[in-house]
**Student:** 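Take a look at this one; I'll ask things after.
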Amino acid sequence: MDKKVIELLNDQINKEFYSAYLYLDMANYYIENDLDGFGNWYTIQAQEERDHAMLIMQYMQNNGLSIDLKTIDKPDKVFASPLDPLKVGSEHERYVTSLINNIYDAAYQVKDFRTMQFLDWFIKEQGEEETNADSLVKKYQLFGTDPKGLYLLNQELAARVYTAPSLTL
């Protein structure tokens, strides 16, 4: 496999684990501010990101590639209002999409069709992640400033349950 593709996949493992840390930080913010439903949402997001990292690791292992685990940066975001983490989450998902697209492009450049096929699932997943993140921002902007609306939105997010990814390698 191409060295650049391997390097980008290794970097993506780190970025996915960082995403999990970021979402755990957001979950903690919400839980500390008595919005446990929002905390639940981001705790599950963290689980998903961890799973994404593990899927990339498994793909690399299945292809006999070495994995270079790097230090995971501490999230550095400061949240002043309940809307802030939602906006950061939406922005972060667009960033992750750009990273996946870069790996796909590098694989395309060297005709690494196996990696491209593997990344197809991530591309679809990122579309869903961006839609969900943007939807949360819009819902909060519509309902979050009203106490009853915020309560209902918090209840909706509390109902989310974790579902492991269905990607088979």
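Just the heavy atoms: all of them, side chains too, but no hydrogens, waters or symmetry mates, feed the values below. Counting begins at 1 with the first residue of the sequence.
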**Student:** Can you check whether Tyr21's main-chain N or O pairs, donor with acceptor, with Asp25's side chain at less than 3.5 Å?
**Tutor:**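 No; zero donor-acceptor contacts below 3.5 Å.
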**Student:** Considering all heavy atoms of both residues, which atom of Val5 and which atom of Thr115 are nearest to each other, and what is their separation?
**Tutor:** CG1-CG2, 4.0 Å
**Student:** For the pair Phe122 and His52, name the ring-plane relationship: parallel under 30°, tilted 30 to 60°, perpendicular over 60°.
**Tutor:** perpendicular
**Student:** Do Gln155 and Tyr151 have side-chain atoms, one donor and one acceptor, less than 3.5 Å apart?
**Tutor:** yes
**Student:** I need the Ile67 CD1 to Asn14 CG distance, nearest 0.5 Å.
**Tutor:** 13.0 Å
**Student:** Is there a path of hydrophobic side-chain contacts, each under 4.5 Å between heavy atoms of I/L/V/M/F/W/Y residues, joining Leu35 to Leu142?
**Tutor:**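 No, no single cluster joins them.
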**Student:** Are Lys139 and Glu156 within salt-bridge range, i.e. N to O under 4.0 Å?
**Tutor:** yes
**Student:** Is there a side-chain contact between Glu125 and Glu48 in this structure, where contact means two heavy atoms from C-beta onward sitting under 4.5 Å apart?
**Tutor:** yes
**Student:** Kindly indicate whether the side chain of Tyr23, heavy atoms from C-beta on, has any atom under 4.5 Å from the side chain of Thr43.
**Tutor:** no
**Student:** Determine whether Met26 and Leu22 make a side-chain contact, defined as any pair of heavy atoms from C-beta on separated by less than 4.5 Å.
**Tutor:**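 Yes, close enough: below the 4.5 Å cut-off.
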**Student:** Would you check if the side chain of Asp146 reaches a backbone N or O of Gly149 as a donor-acceptor pair within less than 3.5 Å?
**Tutor:** yes
**Student:** What are the two closest heavy atoms between Pro85 and Ser81, and how far apart are they?
**Tutor:** CD-O, 3.2 Å
**Student:** To the nearest 0.5 Å, what is the distance between CG on Asn10 and CG on Leu69?
**Tutor:**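 Nearest 0.5 Å value for the CG-CG distance: 7.5 Å.
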**Student:** Ala80 and Tyr29: which non-hydrogen atoms are nearest, and at how many Å?
**Tutor:**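 Shortest heavy-atom contact: C-OH, 4.1 Å.
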**Student:** Pair Gln12, Leu8 - check side chain to side chain contact (heavy atoms under 4.5 Å, CB included), show working.
**Tutor:** CA-CA 6 Å; Gln12 192 62 30; Leu8 290 170; over 6 Å; no
**Student:** Give the C-alpha distance, both sets of side-chain angles, the deciding distance and a yes or no for side chain to side chain contact (heavy atoms under 4.5 Å, CB included) between Leu157 and Tyr42.
**Tutor:** CA-CA 9 Å; Leu157 299 180; Tyr42 280 107; over 6 Å; no
**Student:** To the nearest 0.5 Å, what is the distance between CD1 (Ile103) and CD1 (Ile100)?
**Tutor:** 4.5 Å
**Student:** If we only count heavy atoms from C-beta on, is the Val96 to Glu129 side-chain gap below 4.5 Å?
**Tutor:**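 No, too far: nothing below the 4.5 Å cut-off.
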**Student:** How close do Ile13 and Ala53 get, counting heavy atoms only, and between which atoms?
**Tutor:**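 Answer, listing the atom of Ile13 first, then Ala53: O-CB, 3.8 Å.
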**Student:** Parallel, tilted or perpendicular for Phe38 and Tyr140, by the 30°/60° rule?
**Tutor:** perpendicular
**Student:** Roughly how far, to the nearest 0.5 Å, is OG of Ser135 from CD of Glu130?
**Tutor:** 13.0 Å
**Student:** Could you tell me whether the side chain of Asn40 and the main chain of Arg160 form a donor-acceptor pair under 3.5 Å?
**Tutor:** yes
**Student:** Just by modelled atom types, is the Asp112 backbone N or O under 3.5 Å from a matching donor or acceptor in the Asp2 side chain?
**Tutor:** no
**Student:** Would you mind reporting whether Lys87 and Phe79 have side-chain heavy atoms less than 4.5 Å apart?
**Tutor:**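 SC-SC contact between Phe79 and Lys87 ruled out.
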**Student:** Can you name the closest pair of heavy atoms from Ala133 and Ser90 and give their distance?
**Tutor:** CB-CA, 3.6 Å
**Student:** Does any part of the side chain of Thr145, heavy atoms only, come nearer than 4.5 Å to the side chain of Leu150, both counted from C-beta?
**Tutor:** no
**Student:** Applying the 4.5 Å side-chain criterion to the ILVMFWY set and letting contacts propagate, would Phe17 and Leu119 be lumped into a single cluster?
**Tutor:** yes
**Student:** Please assess Phe118 against Met60 for the test side chain to side chain contact (heavy atoms under 4.5 Å, CB included), listing each intermediate value before the final yes or no.
**Tutor:** CA-CA 11 Å; Phe118 168 70; Met60 293 181 70; over 6 Å; no
**Student:** Could you give the distance from CG (Leu55) to CZ (Arg50), rounded to the nearest 0.5 Å?
**Tutor:**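 Answer for the CG-CZ pair, Leu55 versus Arg50, is 10.5 Å.
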**Student:** Shared ILVMFWY cluster between Leu152 and Phe143, side chains joined below 4.5 angstrom?
**Tutor:** no
**Student:** What closest approach, in Å, do Met1 and Ile6 show between heavy atoms, and which atom pair accounts for it?
**Tutor:** O-CD1, 3.5 Å
**Student:** Checking side-chain hydrogen bond (donor to acceptor under 3.5 Å, both in side chains) for the pair Ser98/Arg94: CA distance, chi angles, key distance, verdict?
**Tutor:** CA-CA 6 Å; Ser98 74; Arg94 284 190 295 282; over 6 Å; no
**Student:** Applying the 4.5 Å side-chain criterion to the ILVMFWY set and letting contacts propagate, would Val137 and Val78 be lumped into a single cluster?
**Tutor:** no
**Student:** If you measure from the Lys or Arg side-chain nitrogens to the Asp or Glu carboxylate oxygens, is any gap between Lys124 and Glu128 under 4.0 Å?
**Tutor:**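 Yes, this pair counts.
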**Student:** Going hydrophobic residue to hydrophobic residue with side-chain gaps under 4.5 angstrom, can you get from Ile72 over to Leu24?
**Tutor:**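 Per the 4.5 Å side-chain linkage, Ile72 and Leu24 are not co-clustered.
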**Student:** Between Lys70 and Asp68, is the closest basic N to carboxylate O distance under 4.0 Å?
**Tutor:**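 Yes, this pair counts.
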**Student:** Roughly how far, to the nearest 0.5 Å, is CH2 of Trp121 from OH of Tyr59?
**Tutor:**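 Answer rounded to 0.5 Å: 14.5 Å.
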**Student:** Starting from the C-alpha separation in whole Å, work towards a yes-or-no answer on side chain to side chain contact (heavy atoms under 4.5 Å, CB included) for Met116 and Tyr108.
**Tutor:** CA-CA 7 Å; Met116 291 166 56; Tyr108 176 79; 3.7 Å; yes
**Student:** With side chains defined as the heavy atoms from C-beta onward, is the minimum distance between Asn154 and Tyr30 less than 4.5 Å?
**Tutor:** no
**Student:** State, with a plain yes or no, whether a side-chain heavy atom of Gln45 is found less than 4.5 Å away from one of Glu93.
**Tutor:** yes
**Student:** Identify which one of Thr131, Asn101, Thr97 satisfies the side chain to side chain donor-acceptor pair (under 3.5 Å) criterion when paired with Gln126.
**Tutor:**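 Going through Thr131, Asn101, Thr97 one by one, the side chain to side chain donor-acceptor pair (under 3.5 Å) with Gln126 is satisfied by Thr97 alone.
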